[in-house]
Colleague: 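Got a structure for you, questions after.
Only this structure's heavy atoms are used, side chains among them; waters, hydrogens and symmetry mates stay out. Numbered from 1 within each chain, the chains take letters A, B, ... in sequence-line order.
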Amino acid sequence: MPKVRVRFAPSPTGYVHVGNARTALFNWLFARHHGGAFILRIEDTDVERSKEEYERQLLEDLRWFGLDWDEGPDKGGPFAPYRQSERLDLYRRHAMQLIDARHAYYCFCSPEQLEAERQAALKAGQQPRYSGRCRTRPREEAARKVAAGEPAAIRLQVPEGVFDWNDLVHGPTTFSSEVMGDFILVRSDGQPTYNYSVVIDDHLMEITHVIRGDDHISNTPRQLALYQAFGWQRPEFAHLSTILGPDRARLSKRHGATSLQNFREMGILPEALRNYLALLGWSAADGVTEIFSDQELIRQFSLERVIKSPAVFDQEKLNWMNRHYLKEARRRKLAELSVPFLAQAGYLEEPADERTLGWLERVLDAVLKNLDTLSQLPAAVRLIFEYDAEGVLRGDETRHVAENAGSRDVLKALIPKLLEVRDLNYERFRTIAKAVQKETGKKGKDLFHPIRVALTGAISGPELEKLIPIFEEGSKLPLRRHVKSVAERLREFAAAAGLS
RNA sequence: GGCGCUAUCGUCUAGGGGUUAGGACGUCAGAUUCUCAAUCUGAAAACCCGGGUUCGAUUCCCGGUAGCGCUACCA
């Protein structure tokens with residue numbers, strides 16, 4: 001069996017949809033599983049849709065996603081170029097070859113004329129397909145018209161019959177030639193159409209397996225007709241199901257985050273997205289395992305276990321997956337990833353220095369389990385950076401806790417003791433808390449809840465054990481937004497609450 | 001309209017002629033904690049409908065329905 005060669009062939013639209021990302025991922029997994037090659041090819045023949053700066057963005061998104069390719073526009077390869085816009089000559093040459101072999105012909109029908117015919121057929125309740133009018137025109141006449149500069153498209157003469165293939169996901173699939181008519185290969189402006197260029201490229205690049213979205217199923221017979229006309233061996237085909245939104249319509253921007261860039265900005269980890277997407281349409285042989293390293297994914301991946309039915313994208317489950325990888329990730333790496341989010345909230349300078357990064361690791365350790373995504377970080381650390389004693393006394397929930405008599409007793413006993421301490425740490429805090437417990441008779445909730453409120457301004461949050469060192473260390477750091485120490489907080493609180 | 005694809009808990013899925021139809025997310029309840037989470041334990045929750053084939057269909061076949069796709073000088 002020849003070496004496996006697969007490709008991912010996106011249009012550079014500046015937006016990599018998760019559906020496409022999954023297609024890329026499956027191609028990549030398949031290639032890596034078989035020790036084959038994964039090729040990136042840019043389909044930029046649709047001038048309207050393609051912009052040059054989008055290509056850079058596309059490569060960057062794919063790299064962020066964690067895929068690497070063996071051949072592509074940025075790194076070249078034995079079948080270069082990998083940009084369709086640079087392969088125009090190839091398409092033209094092969095089209096001429098087809099014309100010479102009488103498998104294709106020039107068509108001079110105007111788009112208006114064709115559209116009118118199409119509408120008429122539709123109105124009559126008939127299958128709209130090209131009449132084949134130009135098919136019978138003598139070659140000499142056609143050549144003359146072309147030479148005279150008349151605009152002409154090139155159409156494939158599709159033979160009558162049946163086109164079928166054994167889809168690696170869907171099984172045997174059949175289409176009749178009746179549904180397609182003689183379709184266009186090269187537009188009158190010289191640009192190749194998708195169904196044409198894809199065949200030329202896949203053949204010339206020696207692609208062995210075409211793995212793509214199932215919206216291409218209906219295109220496959222056209223491409224088969226082309227392979228047949230050229231007498232080329234065709235690749236295997238595998239069609240992946242569509243990803244839907246919660247309303248079962250094709251997932252689109254109106255459903256929320258759908259592009260790699262969206263997920264990146266949300267603070268979804270690429271490894272989480274990879275793992276989640278791998279599970280959309282594929283499952284492991286044991287039917288149970290869901291958390292996979294890339295190595296395991298590569299080892300276990302097979303097209304036989306890819307499912308045919310469409311899948312609804314579930315942001316909740318992605319969030320769960322992301323939480324898992326957030327907890328798993330190295331703290332240092334997360335600290336670095338967090339900086340942009342915190343800088344944007346106005347808390348930190350970017351880039352952050354070493355000490356700040358070290359401190360951030362502690363912060364992350366305290367708040368991570370409350371996060372779905374990194375974009376939720378600013379809200380989670382709000383109580384670290386923004387302390388406002390007046391606000392505590394104003395807030396409905398906090399005021400209730402801070403102002404009752406029991407709380408005031410606790411805080412009255414606690415604050416002077418705490419303010420005396422140098423280099424406060426949790427040990428010392430704990431000792432003092434015990435003393436206060438003895439003195440006031442309050443314990444557990446009655447003891448700690450008022451302290452929490454006075455210290456953080458919130459009725460819930462991370463463990464005080466973690467917060468106290470964070471406050472103390474943070475207060476010594478030159479951050480854009482100063483973090484108040486325990487002493488600063490308590491002094492402010494005492495003043496605001498009239499406790500001193 | 002024509003052609004095609006698809007159909008197991010709300011969602012992602014495993015399974016497959018006889019199963020207590022398995023797992024995960026989410027939901028709910030309990031345990032734990034200074035709180036919220038996290039964690040652990042438990043619960044509720046599914047074979048689209050109608051015909052066949054069969055001793056027996058959720059599974060195989062046919063039809064229907066629904067959703068999606070293609071039907072372009074878009075990709």
Colleague: Closest approach to the side chain of R323(A), judged atom by atom: which nucleotide of rU35(B), rG26(B), rU39(B) is it?
Modeller: rG26(B)
Colleague: In whole angstrom, give the distance that lies between atom CD1 of I217(A) and atom P of rG69(B).
Modeller: 13 Å
Colleague: Report which part of the nucleic acid F175(A) touches: base, sugar-phosphate, or nothing (heavy-atom distance under 4.0 Å, all strands).
Modeller: sugar-phosphate
Colleague: Base, sugar-phosphate or nothing for G281(A)? Non-hydrogen atoms, less than 4.0 Å.
Modeller: sugar-phosphate
Colleague: For the pair R299(A) and E296(A), find out whether any cationic side-chain nitrogen is under 4.0 Å from an anionic carboxylate oxygen.
Modeller: yes
Colleague: Could you check which nucleotide pairs with rA24(B) in any of the strands shown, counting Watson-Crick or G-U wobble with both distances under 3.5 Å?
Modeller: rU11(B)
Colleague: What is the distance, to the nearest angstrom, from the CZ atom on R41(A) to the C1' atom on rA75(B)?
Modeller: 12 Å
Colleague: Tell me which nucleotide among rA75(B), rU35(B), rA14(B) gets nearest to the side chain of H449(A).
Modeller: rU35(B)
Colleague: Hey, which sits more toward the 5' end of RNA chain B by its nearest nucleotide, W282(A) or L464(A)?
Modeller: W282(A)
Colleague: Give the nucleotide from the list rA37(B), rU6(B), rA14(B) with an atom nearest to the side chain of N370(A).
Modeller: rA37(B)
Colleague: Sticking with atom C1', work out how far rG18(B) lies from rU71(B), rounded to a whole angstrom.
Modeller: 45 Å
Colleague: With rounding to the closest Å, how many angstrom separate the P atoms on rA44(B) and rC49(B)?
Modeller: 22 Å
Colleague: Classify R129(A) by what it touches in the nucleic acid, base, sugar-phosphate, or nothing, heavy-atom distance under 4.0 Å.
Modeller: nothing
Colleague: So what's rU6(B) paired with, Watson-Crick or G-U wobble, going by both distances under 3.5 Å?
Modeller: rA66(B)
Colleague: What's the closest nucleotide to the K445(A) side chain, out of rA37(B), rC34(B), rC73(B)?
Modeller: rC34(B)
Colleague: With a 4.0 Å cut-off on heavy atoms, is C109(A) in touch with a base, just the backbone sugar-phosphate, or nothing at all?
Modeller: base
Colleague: Taking only Lys NZ, Arg NE, NH1 and NH2, and the carboxylate oxygens of Asp or Glu, determine whether K369(A) and E463(A) approach each other closer than 4.0 Å.
Modeller: yes
Colleague: Answer yes or no: is there an ion pair linking E439(A) with K417(A), defined by an N-O contact shorter than 4.0 Å?
Modeller: yes
Colleague: For rC40(B), which nucleotide is its Watson-Crick or G-U wobble mate, given both distances must be under 3.5 Å?
Modeller: rG30(B)
Colleague: Within the structure shown, what part of the strands sits under 4.0 Å from P310(A) by heavy-atom distance: base, sugar-phosphate, or nothing?
Modeller: sugar-phosphate
Colleague: Distance between the P atoms of rG17(B) and rC12(B), in whole angstroms?
Modeller: 24 Å
Colleague: Measure CG/L240(A) against P/rG69(B) and give the value in whole Å, please.
Modeller: 16 Å
Colleague: Between rA46(B) and rU54(B), how far apart are the two C1' atoms, rounded to whole Å?
Modeller: 25 Å
Colleague: Under a 4.0 Å heavy-atom cut-off, which of residues 248-262 of chain A touch RNA chain B?
Modeller: R248(A), R250(A)
Colleague: When you compare rU20(B) with rA45(B), how far apart are their C1' atoms, in angstrom units rounded to a whole number?
Modeller: 15 Å
Colleague: Identify whether the distance between the nearest side-chain nitrogen and carboxylate oxygen of R56(A) and E53(A) falls below 4.0 Å.
Modeller: no
Colleague: State plainly whether the residues E472(A) and R362(A) are in salt-bridge range, i.e. N to O under 4.0 Å.
Modeller: no
Colleague: Give the rounded distance in Å between these two atoms: CZ of F183(A) and P of rA75(B).
Modeller: 13 Å
Colleague: Looking at the side chain of N219(A), which of rU39(B), rC70(B), rU35(B) is the nearest nucleotide?
Modeller: rC70(B)
Colleague: How close or far is atom P of rU11(B) from atom CG of D314(A), stated in whole angstroms?
Modeller: 10 Å
Colleague: Nearest whole Å is fine: how far is rC25(B) C1' from E316(A) CD?
Modeller: 8 Å
Colleague: If I pick the P atom on rG1(B) and the same atom on rA43(B), what distance separates them, to the nearest angstrom?
Modeller: 48 Å
Colleague: With both distances under 3.5 Å as the test, what is the Watson-Crick or G-U wobble partner of rA72(B)?
Modeller: none
Colleague: Hey, can you tell me if F429(A) and F448(A) have their rings parallel, tilted or perpendicular (30° and 60° cut-offs)?
Modeller: tilted
Colleague: Hey, is R394(A) close enough to D388(A) for a salt bridge, meaning N to O under 4.0 Å?
Modeller: yes
Colleague: Describe the nucleic acid contact of E290(A) in one word from base, sugar-phosphate, nothing, applying a heavy-atom distance below 4.0 Å.
Modeller: base
Colleague: Heavy atoms only, 4.0 Å cut-off, all strands: where does E463(A) land among base, sugar-phosphate and nothing?
Modeller: base
Colleague: Just call it for L447(A): base, sugar-phosphate, or nothing, with non-hydrogen atoms closer than 4.0 Å on any strand.
Modeller: nothing
Colleague: Should the pair R129(A)-D182(A) be classified as a salt bridge under the 4.0 Å nitrogen-to-oxygen rule?
Modeller: no
Colleague: What about K308(A), does its side chain sit under 3.5 Å from the base of rA7(B) through a donor-acceptor pair?
Modeller: no
Colleague: Describe the nucleic acid contact of P10(A) in one word from base, sugar-phosphate, nothing, applying a heavy-atom distance below 4.0 Å.
Modeller: nothing
Colleague: Is rU35(B) paired to anything, Watson-Crick or G-U wobble with both distances less than 3.5 Å, and if yes, which nucleotide?
Modeller: none
Colleague: How is I451(A) classified with respect to the nucleic acid when contacts are heavy atoms under 4.0 Å: base, sugar-phosphate, or nothing?
Modeller: nothing
Colleague: Counting side-chain heavy atoms from C-beta on, which of rC12(B), rC73(B), rU13(B) comes nearest to L114(A)?
Modeller: rC73(B)
Colleague: Are R331(A) and D365(A) ion-paired here, with the side-chain N under 4.0 Å from a carboxylate O?
Modeller: yes
Colleague: Would you call the rings of H239(A) and H170(A) parallel, tilted or perpendicular, where under 30° means parallel and over 60° means perpendicular?
Modeller: tilted
Colleague: Between M180(A) (CE) and rG4(B) (P), how many Å, whole number?
Modeller: 13 Å
Colleague: My understanding is that only one of T220(A), N219(A), T23(A) makes a side-chain hydrogen bond (donor to acceptor under 3.5 Å, both in side chains) with R212(A); could you say which?
Modeller: T220(A)
Colleague: Quick one: R212(A) CZ to rG4(B) C1', roughly how many Å, whole number?
Modeller: 14 Å
Colleague: Could you give the distance separating rG42(B) and rG23(B) at their P atoms, to the nearest angstrom?
Modeller: 10 Å
Colleague: Any base atoms under 4.0 Å from H170(A), or only sugar-phosphate, or nothing? Heavy atoms, all strands.
Modeller: sugar-phosphate
Colleague: When we call it a touch if two heavy atoms are under 4.0 Å apart, what does R430(A) touch: a base, just sugar-phosphate, or nothing?
Modeller: nothing
Colleague: Reading RNA chain B from 5' onward, which residue's closest nucleotide shows up sooner: T242(A) or S460(A)?
Modeller: S460(A)
Colleague: Give me the distance, rounded to whole Å, that separates rU11(B) from rG67(B) when you measure between the C1' atoms they each carry.
Modeller: 16 Å
Colleague: Side chain of D214(A) only, heavy atoms from C-beta on: which candidate in rC3(B), rG23(B), rC5(B) is closest?
Modeller: rC5(B)
Colleague: Looking across every strand, which nucleic acid part, if any, lies under 4.0 Å from S283(A) by heavy atom: base, sugar-phosphate, or nothing?
Modeller: sugar-phosphate
Colleague: Decide, yes or no, whether a salt bridge links R41(A) with D202(A) under the criterion of side-chain N to carboxylate O below 4.0 Å.
Modeller: yes
Colleague: Could you tell me which nucleotide pairs with rG56(B) by Watson-Crick or G-U wobble geometry, both distances under 3.5 Å, or answer none if nothing does?
Modeller: none
Colleague: Checking only heavy atoms, does the side chain of S218(A) share a donor-acceptor pair with the base of rC3(B) at less than 3.5 Å?
Modeller: no
